[in-house]
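Indexing begins at 1, ligand by ligand and atom by atom, following the structure's order.
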Amino acid sequence: MQVRFEDVTMQFENKKVLDRINFTLPSKELISFLGPSGCGKSTTLYLISGLLNATSGKIYFDDRDVTKLDPVKRQVGLVFQNYALYPHLTVRENIMFPLKMSKMAKNLRNERAEEMAELTKIADQLDKYPRQLSGGQQQRVAISRALSKSPEILLMDEPLSNLDARLRIEMREEIRRIQQETGVTTVFVTHDQEEALSIADNVMVLESGEIQQMTDPVTLYQKPRNLFVSKFIGSPIINTFTKDSAAINPEAALLSENWMTLGIRSEHFVPATEENYLIRSIIQRIETVGKDITIHCEWANEKFVVSDIETDLSVGDTFYLNVGKDNLLLFDEKEQLIESRTEDE
Ligand SMILES: Nc1ncnc2c1ncn2[C@@H]1O[C@H](COP(=O)(O)OP(=O)(O)OP(=O)(O)O)[C@@H](O)[C@H]1O
């Protein structure tokens with residue numbers, strides 16, 4: 001099922017949290033809402049679920065106007081960060097709970113609970129209580145419960161935030177698998193850019209109640225629409241330079257072009273020579289973490305980082321660098337990506 005927002009505004013007292021936002025979530029996809037704390041991700045999710053009502057604008061599920069529809073009638077499944085399981089009910093009873101509410105016959109409820117537990121790989125935990133399960137298993141129960149009523153859409157609000165790093169990675173792969181097996185349109189809210197990029201078909205980046213960009217993870221990384229998105233996506237954070245950056249070769253042809261900020265990702269630098277370089281630096285520190293080498297550079301108090309590069313140079317050496325022209329991200333005075341440049345060349 002497709003979800004469409006038309007000019008949706010959400011205001012709490014005198015605070016406008018979402019300002020006339022428009023988007024379409026394609027059917028059967030996993031879409032991530034990504035953005036810093038307070039940008040309006042959860043609010044958008046609750047508007048889809050019906051737990052919040054929009055101040056103005058329209059919300060459609062396919063061609064059905066659901067703007068004023070009761071949450072129960074919207075057929076959404078919800079999964080929260082804290083699992084929200086009933087502690088006094090077993091796993092089986094937790095999964096069956098929404099089915100009981102909708103008065104499904106007991107044998108069918110049981111069958112459905114077992115089917116869901118198979119899907120989420122907790123079939124051997126059905127008679128335990130939530131407190132006897134690990135965090136990852138509890139979240140599997142919450143997902144089973146949310147899917148038990150075959151919702152039209154599954155909404156997940158920071159579902160992995162309570163798990164440790166290793167389990168987060170395991171569970172995000174599981175969520176991806178479950179989403180693909182069921183084909184249910186899924187929204188996954190996170191503030192973690194790596195999580196969003198690794199799990200989603202499409203990512204919607206929000207900031208200050210406005211959609212900054214909505215596209216697939218590769219495009220988001222390679223062609224961020226503006227400086228905010230370029231800085232929010234990618235680790236380490238993208239390096240930025242201005243026209244008066246002393247690190248830029250004063251002879252560089254790039255300086256005669258019209259731009260305000262130059263963005264270069266750490267892995268896009270290649271070694272260069274004093275005769276032909278774009279960026280110069282003095283190596284400050286070489287950091288090795290496992291297989292990853294990050295070189296911390298500086299020129300005239302401007303700091304930046306270089307990674308995925310082979311060099312014999314050491315701390316204190318001058319490091320000359322170039323960047324392939326497709327990897328130069330130029331932003332104008334409104335911090336928007338100048339796209340025509342890469343298309344022209
Ligand atoms: N019921 C409410 N009354 C007043 N302000 C609210 C209410 N709910 C949310 N807000 C405000 O709306 C803004 C967006 O909140 P929202 O929870 O959607 O952000 P978020 O992007 O999900 O961030 P987080 O990850 O911190 O939850 C915040 O400034 C928040 O304080």
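- Contacts of K128 classified as side-chain contact (heavy atoms from CB on, under 4.5 Å), with partners at least two apart in sequence or in another chain: Q125, Q132, L133.
- At a 4.0 Å heavy-atom cut-off, the residues surrounding ligand 1 are F12, K15, V17, P36, S37, G38, C39, G40, K41, S42, T43, E158, listed by chain and number.
- Residues passing the side-chain hydrogen bond (donor to acceptor under 3.5 Å, both in side chains) test with H268, sequence neighbours excluded: none.
- Using a 4.5 Å heavy-atom threshold, the side chains of I295 and L313 count as separate.
- Within the 6.0 Å centre-distance limit, the rings of F241 and F304 are counted as a close aromatic pair.
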Under 3.5 Å donor-acceptor pairs involving side-chain atoms of residues 4-14, not counting sequence neighbours:
{"from": "R4", "atom 1": "NE", "to": "E6", "atom 2": "OE2", "distance (Å)": "3.4"}
{"from": "R4", "atom 1": "NH2", "to": "E6", "atom 2": "OE2", "distance (Å)": "3.1"}
{"from": "D7", "atom 1": "OD1", "to": "N22", "atom 2": "ND2", "distance (Å)": "3.0"}
{"from": "D7", "atom 1": "OD2", "to": "R20", "atom 2": "NH2", "distance (Å)": "3.3"}
{"from": "T9", "atom 1": "OG1", "to": "R20", "atom 2": "N", "distance (Å)": "3.0"}
{"from": "Q11", "atom 1": "NE2", "to": "E13", "atom 2": "O", "distance (Å)": "3.4"}

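- We find that R176 and E173 are not joined by a salt bridge, their nearest charged nitrogen and carboxylate oxygen being 4.0 Å or further apart.
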